[in-house]
Each structure stands twice: as structure tokens, then as C-alpha cells.
Participant: 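Take a look at the following structure, please.
Letters A, B, ... mirror the listed sequences (proteins, then strands); counts begin at 1.
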Amino acid sequence: MFDVKLEVSNLLASKISDVDQQQIYDMLETPPNPEMGDLALPCFKLSRILRKPPVQIAQDLAAAIPENENIERVENVSGYLNIFLNKSQFINKVLSHILKAGETYGSSDMGKGKNIVIDYSSPNIAKPFHVGHLRSTAIGNSLYRIFEFMGYNCIGINYLGDWGTQFGKLITAYKKWGNEQAVKEGLIKELVALYVKFHQEAEKDPSLEDEARQWFVRLEQGDEEARSLWKWFIEISLEEYQKVYDLLDVKFDSYNGESFFNDKMEPVIKELEEKGLLKESQGARIVDLEEDGMPPCLILKSDGSTLYATRDITAAIYRKNTYNFDKCIYVTGVSQSLHFRQWFKVIEKMGYEWHKDLYHVPFGTVSIGGEKLATRTGNVVLLEEILSKAIEKTLETIELKNPHLENKHEVAKQMGVGAVIFSDLYSNRIKDVSFSWDEVLNFDGETGPYVQYTHARACSVLRKAADAGAELDGAFDSSLLSSKEEYQLVKILAGFPDKVKQALENLEPSILTRYLVDVAQDFNRFYHEHSILVDDEALRNARLALVQAAKLTLSIGLRLIGLHAPERV
RNA sequence: GCGUCUGUAGCUCAGUGGAUAGAGCGUUCGACUCCGACUCGAAAGGCCGCAGGUUCAACUCCUGUCAGACGCACCA
């Protein structure tokens, strides 16, 4: 991809002494208003270096910059050097590049040979998959696609919550009040009911807790009955999760959950011991983090059993050994931030240089009606329910607007699910979200369906053009795209590669989500103002090239945030 | 109490030190004999929580403060 800023900064640097090209490059910015130019150099910082007033610098530069291939003219306005690009040249370069790059537009090989581990979704077995899990799943999946697009080899891990004392409770409850038939019919719903009943009964009869503990001990010791029930619960849960993953079009490369590390923690504890990091405190074994300004990291309970930090440390070491990752990314709620800071620090204290490659990607908390989500109190909305309602609503719209659409059920699925994912990835991930049916089912404005519709609209025009025998052979006269709507659309399309990079660097898919809305808006303005399929063949071809470039960018971008881009909706 | 995060238009949110702070929803007005109106245009709506400081320049950085969320030892 050619880089105008690079070319312009080179030219400017050659006119300014004592400042190198990179500095100029970093100073160049986009003016707030297109009438002020395409690029601007604020000259205030240069003022100190050159010991001249900013206005003077801008003036001198304006006089020193000759017209050339790239630059149409420059102006100095109160200390800013405003640069107007040669529009036709710019449009030509951008569109040629996009059309040539095709499906690879915006991609790179920066990650070649590097492995990225992404830990996301990670639901707790025997618990329903609700809105809260969507965030981790959607963000993780998008990061996976973005890194892959940039040449990295990604390993998606669903770190299932498939171990812990809750299984003792579940087995106890099942033995007491459950039966095979009811679980086979009710699936997770029945498991949750058993779990809830356990807690209700345990309030009256505390001996149930002992019984649960015993069952968990039997499970740990490999008791056959306990293990087969445990495996069965996992099986049931995974089957249900898989339905959701299929709908979301999300995949994993590994399902190694917590239980996978049961037999791998002991050497790690030994290692911590040998490195002198373990300390005894109130009967438990901890890594003291006082000098790091954090509470201690608990490694072993006073009864000698392990904790989640133990498991996470073990898993990280295992992943480093197995995948030799360049980065290992954990997509979990912000409430776990301290936990991650703590055990990342423990990895550092163990002497592992790669502690700096561990990233916690936190996201804000989901609530419903001001209350926290809680399986036990029933304050949850199941993701499946949301998805099916969204799909249903989309289907209604299709029946209304385009009843003869061939694969309407497939399209309704892609748009309905897309709407849900899109709204989840729309704002910065750190923001708390309050779930509301009205918002999730509102498809107007800055939404997935809006972007998908825009993409389909572009496809439709291209289809019509192809039917009429127009050929898109890459040749077009960029000087014919002279309106401000056309230029604006080209400019936003040119920014795509940088947006992908930003999303990757900030581990923030919302950067792309919002970018797509901007593209769709600019496309629709252009579409509204100008006829594309005009009689003038040269003009038609130029506009078709622009439509094709926009269509490509939209479809690639949608894919990167985990959405489909149907050609007809 | 300590720590982290968040406070921008009525609502939901953008804005990684630069010029006049932007979108969508909602409200009001307007555009379909026209390539798909799930579209587009216009208007109204702002002490950027508050107070100091740094800087030529602060919504952006620093300090304090208020409000909310989350976390702070044997759950994950």
C-alpha cells in the first residue's frame, strides 16, 4: 500500500533542517474539516526547534513546496500548513490498490511465523450460556480473525470451567433428586435446577455440603461413578454450547479446560518452592506481592488444595511450552483484573521473560435491569433466546421487504446473529453494558444490519452492472470521480489498513465496528447523491470501481468482527 | 479504608496534545414515477462531572475532588 503521509513527510523533511522524516510523519494530522485540506502540519512544535514563529514556518514551507504528482496545493493558515492532495492521483492509487489486493486488502504478513494464543468464551460447565458469555466469545473471536488476517497463526482456546467443587454439589443433587430421563430431556436447564435445589436444601441441611465435598474427593481420586457423571455433564453442556457456537460461527482449536491441568500443577508448585517464592501465611501458601503493591497471590489453600491462580500459572507455562506463543491473550471480565495482574507478576518473579507477552483483555460487566447476572437467582437472558428473537425479527423484515429472497432463512440467521454480535462489539469493550431487548432488537442506525444492508446494496449495483455486460477490468478514469461524496468515500476506504492495525494493537474490535459504520454512511451518501449505472461508460466504470472497492472493504471488515456479508438480503 | 476502571447532547456512545467537540437513537421538518427508503438531507440539543496544574495549545497529560461500577486470602 502506498502511503501518502510517507511521501508528503519525505518531501517536507527535505525542506526543513534539523528535523527527520519520522518526526514530520508523526506530526502530520487530518484537519477537522475537509475544506481545510487532506493533511495538515501544525508548526508549533517546529517553532521551538527552528526558533521561528509558527506562522512564519508555515508560510515558508508553503512557498517551498512545489506542485507535484501528489500535492495539488498547500496553504498556510494561522500556524498550520494545510496540504491539498492531487485528488485524481490519490483516488487512482487507492482504488487501484484495493481492487488489486482484493480479499487481502488491509492484510499484512507482520505476524508471519508468530503464534498467538487467545483464551476466550470459557463457559462454566453445567451453567447456561447467557449474554455475559457473549462478550468474551465475540471479542475473542474477532481478535482471532484480526490476528490471522495480519499473518499470525492463532490458537483459540476454550478454557472450559470443567472442574471444581460445584461438581461435588451437582453429583450430590443428581443422586438425591435427579434422574437420567429428566437430565436427558432438560439438559443444562435440569442441571441448573439441580444445582439451585442443592443450595436451597443445603441451607436447611448443612450436611449436604459435606456430602458434596466427599463426592468431589471421589471425583478427584478417579472414582468411576463420579467420573462418568462428570463426563456426562460435560458432554451435555458442550452439546448445547456447540449449538450457540454454530450460530455465532465461532470455532476453537483447543477445548483444554481446567481439568486438563489437574495433573500438571504439582511440578509448578515445586518450581515455585524451589525458586523461594512460596511463603506460608495463615496456613495457606502464597506468593507475597507486597513490594508490588498487590495483595498476595494464593497458590495453595490451607488444606493443601490448589486455587485458580495455581491453575492459570500452570496453564500459561503449558501454553508457552506447547505453542511458544508471541502473545497469550485472556479475554475475561474486568472483575478479574487484579487476579491477572497478580499471577502475571508471579510468572515474572519465576524469571520468565515472556511474562510481558501475557495480556488480559478485560471487558465491562453486563447487567439486566440494574442487577448483576446470576444463574442462581434466574437473572439471566439466554443467548440462544436473544439470537432466535433477533433472527425471527430479521425474517419478518425480509418477508415484508423482499419476500422472494431465495435463502431467506440463512440470510435472516446471518443478519439476526450479526446484529447481536455487532451491538456487542460496538462500544469500547471496557464499558459496562445494561442489557435491553429494545436495544438488541433495534436494527436502525449504527447497527450490523445497516452495514450488511449497505454491503448488499453495493453488491446489487455490481450485479446489475454485470448483467448489463459492464466489465470491471480494473481500468477507470479517476479524474471523473470529482464530487466531494466520492472523494470522501475514497478517503475513508484508504484508512482501512490502519484501522485493522489499530484494532490489533489495542486489542479492540470496536475500532473496526465503528469504522464500518463510517464506511457505510459515506457509501450511502455517495449512493444517494450520484447515479452509478449512468449511460456515460467512462463515468460508470469509474463509479463501479469505487462501489467495488467499498463492497470489498465492507465484506472484509464484517468478516473481521465475526459477521457474514450476504450479497442479497 | 486501599486499588483499578468509567463520567462528553434527553438516551447509547466516538473522539490515542492541535483549528469551530462528532455519530446513532429519540424529537421536529424534508426527500421514494429514480441503480434496493433496513436509505438520505436539514433543524434543535454541550460549563466534555468539578477544581487546580503542566503546555504555544488540554475532552485528551498530572494532582486533588465528587459520583458510579468492579476488586481487595483460601470461589473462578
Participant: Under 4.0 Å, heavy atoms only, any strand: does A/Asn33 hit a base, just the sugar-phosphate, or nothing?
Facilitator: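 Contact class for A/Asn33: none.
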Participant: Look at the aromatic rings of A/Tyr426 and A/Phe422 and report parallel, tilted or perpendicular, splitting at 30° and 60°.
Facilitator: parallel
Participant: Nearest of B/rA76, B/rC56, B/rU16 to any side-chain atom of A/Lys45?
Facilitator: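 Selected nucleotide: B/rC56.
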Participant: Looking across every strand, which nucleic acid part, if any, lies under 4.0 Å from A/Asn82 by heavy atom: base, sugar-phosphate, or nothing?
Facilitator: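 Counting heavy atoms under 4.0 Å across all strands, the contact made by A/Asn82 includes a base.
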Participant: Heavy atoms only, 4.0 Å cut-off, all strands: where does A/Tyr527 land among base, sugar-phosphate and nothing?
Facilitator: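 Result for A/Tyr527 = base.
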Participant: Nearest whole Å is fine: how far is B/rA23 C1' from A/Ile492 CD1?
Facilitator: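 It works out to 12 Å between those atoms.
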Participant: Regarding A/Ser281, tell me which of base, sugar-phosphate or nothing describes its non-hydrogen contacts under 4.0 Å with the strands shown.
Facilitator: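 Contact class for A/Ser281: base.
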Participant: For the C1' atoms, the ones on B/rU55 and on B/rA73, what distance do you get once it is rounded to whole angstrom?
Facilitator: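 One C1' to the other, the span is 46 Å.
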Participant: Does A/Lys464 place a side-chain N or O at less than 4.0 Å from the phosphate oxygens OP1/OP2 of B/rG36?
Facilitator: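 Indeed, a polar side-chain atom of A/Lys464 lies that close.
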Participant: Reckon A/Val569 touches a base, only the sugar-phosphate, or nothing at all at heavy-atom distances under 4.0 Å?
Facilitator: base
Participant: Take atom P in B/rU16 and the same atom in B/rU60, then report the distance between them in whole Å.
Facilitator: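 My reading of the P atoms in B/rU16 and B/rU60 gives 12 Å.
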Participant: Under 4.0 Å between a side-chain N/O of A/Ser460 and OP1 or OP2 of B/rG36, yes or no?
Facilitator: yes
Participant: Would you say a side-chain N or O of A/Lys127 is under 4.0 Å from OP1 or OP2 of B/rA76?
Facilitator: no
Participant: Taking only side-chain nitrogens and oxygens of A/Tyr450, does any of them come within less than 4.0 Å of OP1 or OP2 of B/rC40?
Facilitator: yes
Participant: Under 4.0 Å between any heavy atoms, over every strand shown, what does A/Met36 touch: base, sugar-phosphate, or nothing? Just pick one.
Facilitator: base
Participant: With a 4.0 Å cut-off on heavy atoms, is A/Arg48 in touch with a base, just the backbone sugar-phosphate, or nothing at all?
Facilitator: sugar-phosphate
Participant: Using the closest heavy atom to pick a nucleotide of RNA chain B for each, name whichever of A/Pro31 or A/Arg525 lands nearer the 5' end.
Facilitator: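 The residue mapped nearer the 5' terminus is A/Pro31.
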Participant: Return the value, rounded to whole Å, for the distance between atom CZ of A/Arg429 and atom P of B/rU12.
Facilitator: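 To the nearest whole Å, that distance equals 21 Å.
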Participant: Do the side-chain N and O atoms of A/Tyr450 and A/Asn524 include a donor-acceptor pair separated by under 3.5 angstrom?
Facilitator: yes
Participant: Find the distance A/His530:NE2 to B/rU39:P and express it as a whole number of Å.
Facilitator: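 Between P of B/rU39 and NE2 of A/His530: 19 Å.
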Participant: Let me see the working for A/Ser436 and A/Asp438 under side chain to side chain donor-acceptor pair (under 3.5 Å), right down to the final yes or no.
Facilitator: CA-CA 5 Å; A/Ser436 117; A/Asp438 282 350; 5.3 Å; no
Participant: Looking at A/Val361 and A/Arg429, what are the two nearest heavy atoms and their distance?
Facilitator: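 Closest heavy-atom pair between A/Val361 and A/Arg429: CG1-NE, 3.2 Å.
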Participant: Just to be sure I understand the rule, does A/Leu338 reach a base, reach only the sugar-phosphate, or reach nothing, if contact means heavy atoms closer than 4.0 Å?
Facilitator: sugar-phosphate
Participant: Taking the C1' atom in each of B/rG45 and B/rU8, what is the distance between them to the nearest angstrom?
Facilitator: 14 Å
Participant: Give me, pair by pair, the N or O atoms of the protein and of nucleotides 67-69 of chain B that are less than 3.5 Å apart, along with how far apart they are.
Facilitator:
| unit_1 | atom_1 | unit_2 | atom_2 | d |
| --- | --- | --- | --- | --- |
| B/rA69 | O2' | A/Asp432 | OD2 | 3.0 |

Participant: Does the ring center of A/Phe260 lie less than 6.0 Å from the ring center of A/Tyr318?
Facilitator: yes
Participant: Respond yes when some side-chain nitrogen or oxygen of A/Arg285 is under 4.0 Å from OP1 or OP2 of B/rC74, and no when none is.
Facilitator: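 No, no such contact exists.
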Participant: Please check if any side-chain donor atom of A/Ser121 sits under 3.5 Å from a side-chain acceptor atom of A/His133, or the reverse.
Facilitator: no
Participant: Give one of base, sugar-phosphate or nothing for A/Thr397, where a contact means two heavy atoms less than 4.0 Å apart.
Facilitator: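 Base contact.
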Participant: Considering only the C1' atoms, how many Å lie between B/rC13 and B/rC75, rounded to the nearest integer?
Facilitator: 34 Å
Participant: Which value, in whole Å, describes the distance between the P atoms of nucleotides B/rG71 and B/rA76?
Facilitator: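 Going atom to atom, P in each nucleotide, I get 15 Å.
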Participant: So what does A/Gln521 touch, heavy atoms closer than 4.0 Å: a base, only the sugar-phosphate, or nothing?
Facilitator: sugar-phosphate
Participant: How close or far is atom P of B/rA76 from atom CZ of A/Arg341, stated in whole angstroms?
Facilitator: 20 Å
Participant: May I ask you to say what A/Pro295 touches in the nucleic acid, namely base, sugar-phosphate or nothing, with a heavy-atom cut-off under 4.0 Å?
Facilitator: sugar-phosphate
Participant: Using whole Å, report how far CG of A/Asp498 lies from C1' of B/rU16.
Facilitator: 12 Å
Participant: For the C1' atoms, the ones on B/rG49 and on B/rA44, what distance do you get once it is rounded to whole angstrom?
Facilitator: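 Each nucleotide's C1' atom is 24 Å from the other's.
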Participant: In whole angstrom, give the distance that lies between atom NE2 of A/His455 and atom C1' of B/rU39.
Facilitator: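 Taking atom C1' of B/rU39 as the reference, NE2 of A/His455 is at 17 Å.
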Participant: Send over the distance from A/Gln502 CD to B/rA14 P, rounded to a whole Å.
Facilitator: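 These atoms are roughly 14 Å apart.
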Participant: Is A/Glu258 touching bases, backbone alone, or none of the nucleic acid, heavy atoms closer than 4.0 Å?
Facilitator: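 Sugar-phosphate: the residue A/Glu258, judged by heavy atoms under 4.0 Å, touches backbone atoms but no base.
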Participant: Check whether the ring centres of A/Tyr515 and A/Phe496 lie less than 6.0 Å apart, and answer yes or no.
Facilitator: yes
Participant: Run through A/Glu258, A/Lys264, A/Glu266 and flag the one making a side chain to side chain contact (heavy atoms under 4.5 Å, CB included) with A/Thr314.
Facilitator: A/Lys264
Participant: Using a cut-off of less than 4.0 Å, is there contact between a side-chain N or O of A/Asn442 and OP1 or OP2 of B/rG26?
Facilitator: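 It does not, given that no N or O in the side chain of A/Asn442 lies less than 4.0 Å from OP1 or OP2 of B/rG26.
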Participant: Any Lys/Arg nitrogen of A/Asp467 or A/Lys464 sitting under 4.0 Å from an Asp/Glu carboxylate oxygen of the other?
Facilitator: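 No.
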Participant: Taking salt bridge (charged side-chain N to carboxylate O under 4.0 Å, His left out) as the definition, give me every residue that meets it alongside A/Glu211, ordered by chain and number, with sequence neighbours left out.
Facilitator: A/Lys176
Participant: Report which part of the nucleic acid A/Ile430 touches: base, sugar-phosphate, or nothing (heavy-atom distance under 4.0 Å, all strands).
Facilitator: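 Touches sugar-phosphate only.
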Participant: Looking only at side-chain N and O atoms, does A/Lys431 come under 4.0 Å of OP1 or OP2 in B/rA14?
Facilitator: yes
Participant: Considering heavy-atom distances to RNA chain B, does A/Leu81 or A/Val461 have its closest nucleotide positioned more toward the 5' end?
Facilitator: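 Its nearest nucleotide lies further toward 5', so the answer is A/Leu81.
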Participant: Rounding to an integer number of angstrom, what distance separates B/rU20 and B/rC35 when you compare their P atoms?
Facilitator: 43 Å
Participant: Can you sort out the partners of A/Tyr359 under side-chain hydrogen bond (donor to acceptor under 3.5 Å, both in side chains), two or more places apart, ordered by chain and number?
Facilitator: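 So A/Tyr359 forms no side-chain hydrogen bond (donor to acceptor under 3.5 Å, both in side chains) with any residue.
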Participant: Under the salt bridge (charged side-chain N to carboxylate O under 4.0 Å, His left out) rule, collect the residues that match up with A/Arg543, sequence neighbours excluded.
Facilitator: A/Glu486
Participant: Can you check the A/Glu280 CD to B/rC74 P distance for me, whole Å?
Facilitator: 16 Å
Participant: For the side chain of A/Leu307, starting at C-beta, report the closest nucleotide among B/rC56, B/rC75, B/rA14.
Facilitator: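 Selected nucleotide: B/rC75.
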Participant: Given the rule that a pair is Watson-Crick or G-U wobble with both distances under 3.5 Å, how would you write RNA chain B in dot-bracket, using | for pairs to a different strand?
Facilitator: (((((((..((((....[...)))).(((((.......))))).....(((((..]....))))))))))))....
Participant: Considering only the P atoms, how many Å lie between B/rG46 and B/rA23, rounded to the nearest integer?
Facilitator: 16 Å
Participant: Under 4.0 angstrom, heavy atoms only, what part of the nucleic acid is A/Ser531 near: base, sugar-phosphate, or nothing?
Facilitator: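 Since a base atom lies under 4.0 Å of A/Ser531, the category is base.
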Participant: Once salt bridge (charged side-chain N to carboxylate O under 4.0 Å, His left out) is applied, do any residues pair with A/Arg341, and if so which ones, sequence neighbours excluded?
Facilitator: none
Participant: Taking only side-chain N and O atoms of A/Asn428, does any of them lie within less than 4.0 angstrom of OP1 or OP2 on B/rA14?
Facilitator: yes
Participant: Quick test of your reading of the model: are A/Lys501 and A/Asp498 salt-bridged, counting only N-O distances below 4.0 Å?
Facilitator: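 Salt bridge absent between A/Lys501 and A/Asp498.
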